[in-house]
Every structure is written in C-alpha cells, then in structure tokens.
Amino acid sequence: MRKIALETLRNIGIIAHIDAGKTTTTERILFYTGKTYKIGEVHDGTATMDWMVQEQERGITITAACTTCKWQDFTINIIDTPGHVDFTIEVERSLKVLDGAVVVFCGVGGVEPQSETVWRQADRYNVPRIAFVNKMDRVGSNFPEAITQMHSKLGANAAAAQIPYYEGEELSGVIDIIENKLLKYNDELGLQIEIKDTPVEFKEQVSKLHNLLIEKIAEVDEKMMDDYVHGKKIGALEIKHAIRRAVIQNKFVPVFCGASFKNRGIQPLLDAICDYLPSPLDLPPVKGTNPETGEFEEITASDKAPFCALCFKVATDPYVGRLNYIRVYSGTLKSGDYLYNASKRTKERITKLIRMHANKQEAIDYIHTGDIAAAVGLKETKTGDTLCTEANPILVESMRFPEPVIQQAIEPKTKIDQEKLGMALHKLAEEDPSFRVTYAQETGETIISGMGQLHLEIVIDRIMREFNVEAQVGSPQVAYRETLTKKVISVGKFIQQSGGRGQYGHAVIEMQPQETPGLGITFEDKIKSGAIPREYIPSVKQGIFGAAKSGVLAGYPVTDVKVTLVDGSFHEVDSSEMAFQMAAALAFTDGLRKGRPILLEPIMDIEIVVPEEYMGAIIGDLNSRRAKIISINQRGNARAIRAYVPLAEVFNYATVSRSLTQGRASYTMEPSFYAEVPSHIAEKVIAGFSTAGTTRRSF
C-alpha cells in the first residue's frame, strides 16, 4: 500500500554554478528536516552528500547524490548535483527525471557561466524552478543585481519573494514580501525564528516589491491579471496560488535569499519547495513511444497504470554490486518482480529495491509512481533504458550525452593489471556515459576520453584506488573531430569469392555536412523498389556508424555528417549482413575522402574574473592563444572577461593565470562548440598521426 500521497511528493534537484553553495544548502535541508542530526560541512570533508573520497579531498561534488526527507506533510526526494562542468552529465540525467529544481546563485557572483549552462539544461527538459540567492552574508553581495542578471542573461521572468535583512553588517533574517513579515534568526544554528512585522524603514521598499511581484505574475497568469486590472484586493494566499500555477507552467521564477553557511533562509526555502514546485500529478503526462507500432503514447502518473520507469544512472556498490537508479513514472513494483527492458527488448528481474541516502541504503519492498530509488539485479539495463511490463511496452525518450573533448592514453604497468584495468574501464564507462573508452588500432593504445582534465583525473584516481590497478597514463590531448565540407555521392562494393558461397554487398550513399552543427552522424534510408532488401538496411547503418569512429585525416571520430542511403544492389545467394556492413563502411570512408575533409577542435567558453590592474596582461595572453573576446564586464571591483578559446591553447591555464595575476584571478570554462582547426595547426596534428600517433601519446 502507498504510504505517501502523490500530491505531497516533491522530486527536486539542487543545481548551480560551481561553488554557489549547492551541497551546503542541501546539508542544511537535511538538518532542518531531521534527516541528519549534525550539519556536515564541505570544507571539512564531512558533508553527507559528498560521500566519495575524491569529493571529500577536493571539496567539490562529483557525482549526483540522492536522498529523501520530510518537511511538514511533504516528502522531498532530493538530488544534489555537481557544479563543475566536467560532470555536466550528472546534471543532465538528474534533470531528465526531476519534477522541479532549486537553482542556487551566488550573491556576489550573480549569474555565472555555469549558472547559464544548468539553466539551459533545465529549459531543455522543461523543469519548473525557483531561485535561491545564497551567500548574502558576504561582502559585495547584491540581491537586486542577481535578479537583474536573471532577467538579462537567462531571460527569466523572475521577481523577489524575499529580501535580506541586516543588523549592522550581519545577515540576521529575511523579509517575506508576500506575507509582509520579518523572519528574524535568534541563534547561530538557525533554529529559533522570530516572526515580526516588517520594520518601518523597509515598509516602502517591501510595498514596491510586493506590487512588482503581482505585476510579474499577472503577466503570465490570467486570474491574477483579472484581479489586478479590476483593482481587487489580492491577499497572500491568492498570490501563493498564482505563483504555484505560474511556476508549474514554467512561466515565473520566485527568488528567495539567505546564507546557507550561516544557517539563514533555509526553512522558508523548504516552505517554497512544498508550496510552489510541482508534484508528479501537476505535470503533463510523460510521452513515450510504443516500440512495436512507433506511435506516441502518454504515461499517466497513477499507481493503477501499467509500470513504467526510466533508468537514469548506473553505479557500482562494493557490497551489493550494480545499482540502477530509476524514476517511476507510473505503476507499482515489488522486490522480486520481473520487468521488461523496452530499450534492449530483454526481460530482467529485480532482486532488491533500495532507497538511497547518499551512499547509505535502506531496503524497501515496493516502489510507487513518482518514487526515485535504486534497483539491484538488473544485468542488461543501462543509463537511458526504459523499464516497463511486457504486456504494455513503452519507450521513454532517452537522454542526450555530451561529446568528450579531451583524451589520454592509459596502459597497465603489469600483466596482472591488464585484466583488472579492462574490468575497471568497463564499469566506469557503464556508470558515466560521458566517459568513453576506445582502442587505437594504429598505435595499439587504449584511449580514455572525458569532459575535461578534472574528469579524467578523477577517473584515473578511481581506477587506482577503487579497483587497485597500477597504470601509466599519457598527458591529456585534445579530442579532435573530423567532418566533410561538401556534398558527395559515394559507392561502396564488397565482393569476395573464395569457393562456395561468396560475399556481395553494394551501397550508394549521399553524404553532406549537417545544416546545424552538433547533430553528429544521422542516417536516412531512401531506398525504393527494393534495391536493397529491408533486412540489410540496419547492417548498412551499422557499417556507417562503425566507419565514423575513425576518420581519414588523423583517425579521429567523424561528426556532423548527414548520410542518406539512395541506391544499391544485392545477390540472391551471396549477400549477407556482413557484406552490406563492409560495403557501407567502404562507401563512407571513400565519401569522406572526396568531401574535402577538415579537422575540428573543441572551443571552450572561458570566463576570467581578474582585478582591473591585471586585465591588460590577461587579454594580451588570451589573444596569443587564438581567443576571441566576447565581453568585458564589471564584477564588483574586478573585471569579468569572457572569451571563446581553443582547448588546445588552455591546458594547465590555472598556472598561467596565477603567474600573470599573482594568484588573484579565477576562471571557469566549459565546452561550447567545435570549429575548424587552422590549416597550419591541422598539418601538425595530421603529421603527428602519420608518425604512429605521437600526438596522443606521451608517457
């Protein structure tokens, strides 16, 4: 039987720029909801949600951690996500399964580059959100400026629901604009809250912000607009109901404030999570496709509906083995039940169901609609797979995984380590779809690819510590890509006669650059009148995608090419799946050579915050690194320089920026897009490849 009413369930994520205070905020939520008896601190390595050794040592979140807590009559499932862009896959897959999000902003930094990244990710999955401006106790914090930046940089329809209240220099509470009350904290732990009338000196400011809040909601809510236009008295309850409606429709973002580290503003934030963010019942039904018919179907959020869940994460546990994190969209599941993996078309059995609290586990017998839990016993299920009943198969849209931009060669030190390394890499690649492992035929090396230097550092650290593997790694190298620049028709024929049955495959393909960069390789079948039998079309597609793993210039993967199968022929006896796979691969490689291939390199979006006196030195250095300056803005008493710069030019940039500014600059960067490599640099990369991969290896 269900113990929690579905309307009282909140599935939320805490998302933000690195160092905005996500984990610190989550730790306070766990403390005030009674989930933990002591507040854990990130800087001490005692945060509950940062349970990995690497997280505790570095003071950053690396993996998204799940937990469940209760506030008043509500149950809140929380996923605390990383802020560092190297681990953006954790944010991506969390947002895919969440119903709402709390976006944390730094009161001093405002909307920072990775704030924009996570905001766009939430936009992509249409996740309703509320904002929390943290660190309002810091010198230089500016609450109105943070909201202004939300409007200008994010295009958000945002308005303040609170303002900070200071006594002298100290943040001692928040003023609730909706209720027109002061919430004053009388102890360090933030447990004693005194509710008072708004101080006289704030009355005028609160009145203005109250009217602005109503105006912003009225812009997107018909009922509020009607009341506002007709001059009706709008009470606190009407405002709250209108905010809830507007937030659920993703048309409005109420902004709250506080200082998590000083235990200020968390209880009102918890109230806001329950009041304004949606339950699974408030959202439109999740859409899926029937794998048999290909038709769209809607998944109703009800325990009585057929079971449907999405696996959004795979993790390895030292005690129970493989854990599959799943979000239930409909139905109920009991421990020991059989399931159908609609993505792989295989049957699976759940041996155990677990509710997670970071890395701690609580065995449960059932999971219901809306639940987020972990399952043990699934052998074939991977990230993005849909689990359902065999009688009612359905496929939920899978996730988009970012392309790696950096790679390193890795090899075991001894024969004993060889098998252990292979197993470790397989498990880590299963856990993290943004981490790839490939074997370079031309150099005989195992290449690991990831989202950045920190990403690969963590992976290598885990290989050595968790899996006890002694390995040698090369220096990080850029993960270049190859593509073509003109439309071509290419023919591939694979004919082999060796006595008895031979092999015959013939495919004609049209290849052209993608209209929109970032789409990767796409395949379209335009075969008419049975020139190639239907059963061989998947083999043609497989051959093309296989050939795209290695280009013709320097052996790098091919991207952004649209491939259309237009013609071909077959032999009644000699044709086979393997023959068409080979023919397609030959056609693709030949087409790439004819299509004026070019080398692409990852371009990073970098923001450097630097004191005014060092700005000239930083700009001069960026110009020498083929950077394109986008903007230079004031950030407090410093300057924020934003630029696009090739990844190849900014390896170990931390050392450079420190030496240029006496350690006073800070920077963040993230992959933005791929662009053509200048010809003189491309020649060096290709020359390096032709001399047995020296561009990649450097042990």
Side-chain angles (χ1 to χ4, degrees), residues 17-20 58 60 83-88 106 108-117 140 149 153 404-408 450-457 474-481 599-685 687-688 694-696 698:
H17 180 91
I18 191 168
D19 205 31
R58 294 163 192 259
I60 59 168
H84 201 289
V85 72
D86 283 20
F87 311 106
T88 188
C106 172
V108 181
V111 177
E112 297 170 280
Q114 279 147 242
S115 309
E116 292 182 53
T117 303
Q149 288 184 21
K153 292 187 176 181
V405 296
I406 193 168
Q407 58 190 33
Q408 280 178 275
M451 296 305 299
Q453 282 176 274
L454 180 62
H455 187 193
L456 292 186
E457 271 178 38
S475 57
Q477 303 293 333
V478 176
Y480 292 102
R481 293 285 182 270
L599 213 56
L600 301 173
E601 64 181 343
I603 305 295
M604 311 301 282
D605 183 344
I606 189 169
E607 185 184 71
I608 306 154
V609 180
V610 59
E612 190 97 36
E613 60 264 38
Y614 299 108
M615 191 173 75
I618 288 290
I619 289 174
D621 180 68
L622 284 174
N623 287 332
S624 73
R625 294 172 186 274
R626 299 193 281 130
K628 180 185 177 186
I629 309 288
I630 305 164
S631 64
I632 301 171
N633 297 313
Q634 199 74 35
R635 179 76 60 82
N637 59 356
R639 288 298 187 109
I641 303 164
R642 199 159 179 186
Y644 288 139
V645 59
L647 174 61
E649 302 288 347
V650 284
F651 280 128
N652 301 316
Y653 190 68
T655 312
V656 175
S657 63
R658 277 199 295 267
S659 65
L660 286 173
T661 63
Q662 297 180 10
R664 293 176 64 194
S666 64
Y667 76 94
T668 56
M669 67 176 175
E670 59 184 62
S672 186
F673 57 92
Y674 271 86
E676 185 177 352
V677 179
S679 56
H680 66 284
I681 294 169
E683 284 167 14
K684 289 179 187 173
V685 175
T694 52
T695 54
R696 295 182 182 178
S698 178

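Worth saying up front: this structure is predicted, and the values here are computed from it rather than measured.
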To check you understand the geometry: which heavy-atom pair defines the closest contact between [X] and [Y], and what is its length?
X	Y	result
Gln477	Phe651	C-CZ, 3.9 Å
Ile406	Ala479	N-CB, 3.6 Å
Ala20	Cys106	CB-N, 4.2 Å
Ser657	Ala665	O-CB, 4.4 Å
Ile618	Tyr653	CD1-OH, 4.0 Å
Pro678	Arg626	CD-NH1, 3.3 Å

Residues in salt bridge (Lys or Arg N to Asp or Glu O under 4.0 Å) contact with Glu676, at least two apart in sequence or another chain: none

Counterpart residues, salt bridge (Lys or Arg N to Asp or Glu O under 4.0 Å), relative to Arg658 (two or more places apart): none

Gap separating the [atom1] atom of [X] from the [atom2] atom of [Y], nearest 0.5 angstrom:
X	Y	atom1	atom2	result
Leu647	Met669	CG	CE	6.0 Å
Asp621	Ser659	CG	OG	8.0 Å
Glu607	Ile630	CD	CD1	10.0 Å

Candidate list Arg639, Arg664, Gln662, test side chain to side chain donor-acceptor pair (under 3.5 Å), partner Glu613, passing option: Arg664

Check against side-chain contact (heavy atoms from CB on, under 4.5 Å), Val610 and Tyr667: CA-CA 9 Å; Val610 59; Tyr667 76 94; over 6 Å; no

Set of residues satisfying ring-ring contact (aromatic ring centres under 6.0 Å, His included) with respect to Tyr644, sequence neighbours excluded: Phe673

Keeping [X] on the side-chain end and [Y] on the backbone end, is there a donor-acceptor pair under 3.5 Å?
X	Y	answer
Glu601	Val677	no
Arg625	Glu649	yes
Gln408	Gly474	yes

